[in-house]
Amino acid sequence: MSKGIISKDEDYSQWFNELVIKADLAEYSPVRGCMIIKPYGYSIWEKMQTVLDKMFKDTGHSNAYFPLFIPKSFFSKEASHVDGFAKECAVVTHYRLKNDGEGNIIVDEEAKLEEELIVRPTSETIIWNTYKGWIQSYRDLPILVNQWANVVRWEMRTRLFLRTSEFLWQEGHTAHATSEEAIAEAEQMLEVYADFVENWLAVPVVKGRKTPSERFAGALDTYCIEALMQDGKALQAGTSHFLGQNFAKAFDVKFSDKENKQDYVWATSWGVSTRLMGALIMSHSDDAGLVLPPKLAPIQVVVVPIYKHQEELDNIRNYVNSLSAELKAKGISIKFDDRDTQRPGFKFAEYELKGVPLRVAIGSRDMQNGTVELARRDTKTKETTTQEGLAAKIEGLLEEIQQNIFDKAFKFREENITKVDDYEEFKRLLDEKPGFIAAHWDGTPETEQRIKDETKATIRCIPLNNPQEEGKCILTGRPSKERVLFARAY
RNA sequence: CGGGAUGUAGCGUAGCCCGGUAUCGCGCCACAUUUGGGAUGUGGAGGCCGCAGGUUCGAAUCCUGCCAUCCCGACCA
């Protein structure tokens, strides 16, 4: 492992790339745009999955699994949905390879599929094709299903965790008897996401809805949570869609209500992906490496022994065993790094790079004095404290760290939301002080597009519970009733 | 798909203009000394110089073609 990573002030995107690689989260794969998520990175994702999965179950959802491949014909059914995804679909055309006689493996042209298969970019179509068979009556509703899956979107430009051709996610797909119920579902899941991202990733989010042009293809309304990264760019961290009856109509999914009247079913879908890893990394980390929130850190506490002789190590180990037992009883994960192949200084740097929230260093002097050295990753501070009551102290500190990194990110976010009423000022701020800009907009897609073309900033969302105020569109001067959040985004 | 750049050991690189069988650092292996912030010494292993042609007695180096990757745009969770 080479020393250090580039400073994030020097080159933010290179900093991010180096961090992902050197912290052992992921690496590039032989396939362009695809990544290998390494065990350390994957264990963070697993923690996210575990927590989210429970939240889904607690709100009445069940998991299921739908196929990776979708018949091409399914895609022709919902027009705007097709438009949204057609340009980035991987297509399976053959089902067999053969040897060409010269030692090369080639596609067997005779094994051409009758109907081509699309590798799912999202599963609405195959799921609604399936729901048709599950729903006849209002008694069959609601259907509250989630699936954990991989999806493929053939992106032109990819970035580790933020935009890869294949990514992991969960997609919830629900079916309801009424519009109101479906909207309530979409709103509920947005709340679940916001709760999860703020309380587990320690990343503050703005809850809002997308403008029509930023909506999910096929949705009537898209709700989102938007986070602000340390470089001032916004990141969409999760979306929840009210799909209306669009997919029910496309796949002819009707039900009989209590009066025996036929109506199309109302739908939602909602998802978060491994992109959350990107949000996590970019929200808290620094030039020394990752900073992980304790609640998602694969290792919450690492113990580094400092010793010269075997008996000193044995002595330390003895103490660490009892500390481990105490911490495990509290549900805290601890690693005792007794490798003799690396020196303590190396280990310190390594665990800082990997974002372990707390480090305990114990040497022979400590053993004599009944103390340890306790170092916090978030503040980079160290203190010497007694072994007595250490487990309880660690427990408290982990909670404090979780809160602290959220507070820090929250303060940064608040400091980087600026109200702007002048277009020149708007453009200047985007370059000089990136972040969210709260500005008036006349509500037209044309204005939105022009601002995007001229500044690269998009409307990230119209915040929920947005204060209403009279104002003039920043570009056209036309009347507006509320401010929307603009930013350059990932 | 346009514009730019780069492919040499696991990683980062020198050599290329001016052809003669590859440099240095990190990492790796062995041994010893070390261990409170990324250890030191000694010895060692590791290369189809992106791929395919061509020129030449001889190509990492010159020529042609291809491939791949990265950056910047258009598209996107």
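Values reported hereafter were calculated over all heavy atoms of this structure, with side chains retained and with hydrogens, waters and symmetry mates removed. On a predicted model such as this, the values are computed, not experimentally measured, just so you know. Proteins come first, then strands; the chains are lettered A, B, ... in the order of their sequence lines, and each starts at number 1.
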Value in whole Å for how far the P atom of B:A77 lies from OH of A:Y223: 18 Å
Ring geometry between A:H241 and A:F216 (parallel below 30°, tilted from 30 to 60°, perpendicular above 60°): parallel
Main-chain N/O of A:V291 paired with A:S285 side-chain donor or acceptor, under 3.5 Å: yes
Nucleotide B:G38, atom P - distance to NZ of A:K347 in whole Å: 14 Å
Nearest-angstrom distance from the residue atom CG of A:N17 to P of B:C71: 7 Å
Let me have the donor-acceptor pairs involving side chains of residues 456-463 of chain A, under 3.5 Å, with sequence neighbours excluded, atom names and distances please.
unit_1 : atom_1 : unit_2 : atom_2 : d
A:T458 : OG1    : A:R460 : NH1    : 2.8
A:R460 : NE     : A:E226 : OE1    : 3.2

Student check: side-chain heavy atoms of A:T385 and A:V372 closer than 4.5 Å: yes
Parallel, tilted or perpendicular: rings of A:W169 and A:F167 (30°, 60°): perpendicular
Of residues 357-382 of chain A, the positions that come close to RNA chain B - non-hydrogen atoms, cut-off under 4.0 Å: A:R359, A:A361, A:G363, A:S364, A:R365, A:D366, A:E373, A:K382
Spacing of the P atoms in B:C11 and B:G43 (rounded, Å): 27 Å
Closest to the A:F167 side chain, choosing from B:A77, B:U35, B:G73: B:A77
Any side-chain donor near an acceptor of the partner, A:E166 and A:T164, under 3.5 Å: no
Of all pairs that satisfy ring-ring contact (aromatic ring centres under 6.0 Å, His included), the ones with a partner from residues 286-324 of chain A, not counting sequence neighbours: none
Whole-Å C1' distance, B:C24 and B:C70: 24 Å
A:W128 and A:Y131 aromatic ring geometry - parallel, tilted or perpendicular at 30°/60° bounds: perpendicular
Touch class at under 4.0 angstrom, heavy-atom based, for A:E352 against every strand present: base
Close side-chain approach of A:F336 and A:P305, heavy atoms under 4.5 Å: yes
Whole-Å distance separating the NZ atom of A:K308 from the P atom of B:A32: 19 Å
Sugar-phosphate only, base, or nothing, as touched by A:L162 at under 4.0 Å among non-hydrogen atoms: base
Closest listed nucleotide, where the reference is the side chain of A:Y28 and the choices are B:G36, B:C70, B:A77: B:C70
Interatomic distance at C1', B:A39 relative to B:U21, whole Å: 37 Å
For A:D24, all residues meeting salt bridge (charged side-chain N to carboxylate O under 4.0 Å, His left out), sequence neighbours excluded: A:K38, A:K354
Rounded distance in Å between the P positions of B:G25 and B:C17: 25 Å
Parallel, tilted or perpendicular: ring planes of A:F74 versus A:F251, cut at 30 and 60 degrees: perpendicular
Inter-nucleotide P distance (B:G12, B:U55), Å rounded: 35 Å
Proximity to the side chain of A:T164 - top-ranked nucleotide from B:U35, B:A74, B:A77: B:A77
More than 12 heavy atoms of other groups within 6.0 Å of A:K308 NZ: no
A:I21 CD1 - B:G12 P separation (whole Å): 10 Å
Parallel, tilted or perpendicular, as decided by the 30° and 60° cut-offs, for the rings of A:F242 and A:W266: parallel
Length of the line joining A:I6:CD1 and B:C11:P, which is rounded to integer Å: 20 Å
Nearest-angstrom distance, C1' atom, B:U69 to B:G50: 10 Å
Range-with-range stems for RNA chain B, at least three Watson-Crick or G-U pairs under 3.5 Å: B:1-7 with B:67-73, B:10-12 with B:24-26, B:28-33 with B:39-44, B:50-54 with B:62-66
Near-strand residues of residues 143-155 of chain A, defined as heavy-atom separation under 4.0 angstrom from RNA chain B: A:R153, A:E155
Length of the CZ-P vector between A:R159 and B:C75, whole Å: 18 Å
A:F348 CZ - B:G36 C1' separation (whole Å): 7 Å
B:U8 and B:U13, which share atom name C1', separated by this distance in whole Å: 9 Å
Residue whose nearest RNA chain B nucleotide is more 5′ - A:T158 or A:R275: A:T158
A:K456 vs A:Q342, nearer the 5' end of RNA chain B by closest nucleotide: A:Q342
Integer angstrom distance from the P of B:A59 to that of B:G46: 24 Å
